[in-house]
Amino acid sequence: MVQYHSVVLFVENIESAKQFYCEFLALPIEMDMGKNVMLKGGITLWEISGDNIILKKLGNDNITSGNRSELYFETNNLDEVRENIRKYGYRELHGIHEEPWGQKTIRFFDCDQNIVEIGEELKTFLSRMVKEGWEINDLCSKTGMKINDIERVLDIKL
């Protein structure tokens, strides 16, 4: 099952974006992972690094001018999502891909060529990484998350 998570806004500078959204608009931060910040209310700010798959596929000009957002959803079954993308004939930006922070994602275009991302739920990919044997300090380093946030998401004490 796919569930709506947030709108992702691609930003040039995460600190400037946080100043605008968190200070000027007073939107509270739900989770701050450095270059990726989830705000309460369904907006995620993301400063994309130069080696990101989106930039590799679309080029920097297509992200820094014009469309700077994507619709973001989460699921526990990316394989089923990939099958449905192909079944309905939507054009993939990329197949299932593991992001630098460990989450698996797939991106494709809707009928109006808007970017849609579907990723593993946070709890799903953190649980997968724990099962794969990731140590807590390495998991924090990889994901950019704090220990207490990981414990809260997984509902465990590490």
Side-chain angles (χ1 to χ4, degrees), residues 1-11 14 17 27 29-60 62-63 66-136 138-158:
M1 177 161 97
V2 172
Q3 296 178 9
Y4 174 77
H5 182 273
S6 63
V7 171
V8 176
L9 300 177
F10 300 132
V11 300
I14 195 70
L27 296 177
I29 293 174
E30 185 174 322
M31 192 175 301
D32 188 335
M33 296 174 276
K35 300 290 185 183
N36 189 309
V37 178
M38 290 186 278
L39 306 176
K40 291 188 179 176
I43 295 174
T44 298
L45 308 174
W46 185 10
E47 181 182 311
I48 296 180
S49 64
D51 62 345
N52 184 276
I53 191 169
I54 298 171
L55 293 179
K56 287 179 181 176
K57 293 289 186 173
L58 292 179
N60 192 53
N62 289 317
I63 295 298
N67 186 357
R68 299 180 54 85
S69 62
E70 69 179 8
L71 295 174
Y72 175 64
F73 299 85
E74 291 185 338
T75 186
N76 287 321
N77 192 340
L78 277 179
D79 291 326
E80 181 181 0
V81 168
R82 183 183 57 212
E83 289 174 22
N84 284 334
I85 291 168
R86 292 175 180 166
K87 175 182 171 185
Y88 286 93
Y90 294 117
R91 183 171 62 100
E92 286 185 14
L93 176 60
H94 64 79
I96 295 175
H97 166 80
E98 186 170 317
E99 299 290 350
W101 54 90
Q103 180 188 33
K104 292 183 181 180
T105 64
I106 189 168
R107 289 183 182 85
F108 58 102
F109 298 93
D110 72 6
C111 55
D112 294 306
Q113 302 308 301
N114 295 301
I115 300 171
V116 177
E117 174 187 353
I118 301 179
E120 292 176 299
E121 290 181 356
L122 187 58
K123 184 173 185 172
T124 299
F125 88 83
L126 288 173
S127 295
R128 175 178 48 81
M129 293 174 77
V130 168
K131 286 177 188 171
E132 290 171 357
W134 283 77
E135 297 293 328
I136 187 61
D138 294 330
L139 192 58
C140 290
S141 179
K142 175 84 169 167
T143 63
M145 296 176 68
K146 296 175 179 75
I147 291 174
N148 62 329
D149 288 329
I150 293 172
E151 290 175 336
R152 181 174 47 88
V153 169
L154 294 178
D155 196 28
I156 61 173
K157 185 74 174 157
L158 298 171

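Since the structure is predicted, the reported quantities are computational estimates derived from the model, not experimental observations.
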Can you give the donor-acceptor pairs under 3.5 Å from side chains of residues 145-158 to other protein atoms, not counting sequence neighbours?
unit_1	atom_1	unit_2	atom_2	d
Asp149	OD1	Arg152	NH2	3.2
Glu151	OE2	Leu158	N	2.9

Quick one: side chains of residues 74-82, donor-acceptor pairs under 3.5 Å with protein atoms, not counting sequence neighbours, listed by atom name and distance.
unit_1	atom_1	unit_2	atom_2	d
Glu74	OE2	Tyr72	OH	2.9
Thr75	OG1	Met1	O	3.2
Thr75	OG1	Asn77	N	3.1
Asn76	OD1	Thr124	OG1	2.3
Asn77	OD1	Asp79	N	3.4
Asn77	OD1	Glu80	N	2.9
Asn77	ND2	Glu80	OE1	3.3
Asp79	OD1	Arg82	NH2	3.3

task: Mind checking the NZ-CD1 spacing from Lys104 to Ile96? Nearest 0.5 Å is all I need.
output: 7.5 Å
query: Looking at NZ of Lys56 and CG of Asp51, how far apart are the two atoms once the value is rounded to the nearest 0.5 Å?
result: 5.5 Å
task: Check Thr44, Leu45, Leu39 against Ser6 for a side-chain contact (heavy atoms from CB on, under 4.5 Å) and give me the one that passes.
output: Thr44
- line: Taking every heavy atom of Ile29 against every heavy atom of Asp32, the minimum-distance pair comes out as CG2-N, 3.8 Å
query: Which residues satisfy the side-chain contact (heavy atoms from CB on, under 4.5 Å) test with Ser141, sequence neighbours excluded?
result: none
message: Could you tell me if the side chain of Tyr90 sits less than 4.5 Å from the side chain of Val116, heavy atoms only?
response: no
- line: Here the gap from Ile48 atom CD1 to Leu55 atom CG, rounded to the nearest 0.5 Å, amounts to 5.0 Å
message: With side chain to side chain donor-acceptor pair (under 3.5 Å) as the test, pick out the partner of Arg107 among Glu92, His97, Glu70.
response: Glu70
Point-to-point distance, once rounded to the nearest 0.5 Å, from CG of Leu93 to CD1 of Ile53: 7.0 Å
- line: ring pair (Phe, Tyr, Trp, His ring centres under 6.0 Å) filter on Tyr4, not counting sequence neighbours, yields Phe73
field: Residues which pass salt bridge (Lys or Arg N to Asp or Glu O under 4.0 Å) with Glu132, listed by chain and number, not counting sequence neighbours
entry: Arg128
message: Run the salt bridge (Lys or Arg N to Asp or Glu O under 4.0 Å) test against Glu121 and tell me which residues pass, sequence neighbours left out.
response: none
- prompt: Would you call Phe108 and Ile118 a side-chain contact if the rule is heavy atoms closer than 4.5 Å?
  reply: yes
query: Which of parallel (below 30°), tilted (30 to 60°) and perpendicular (above 60°) describes Trp101 and Trp46?
result: perpendicular
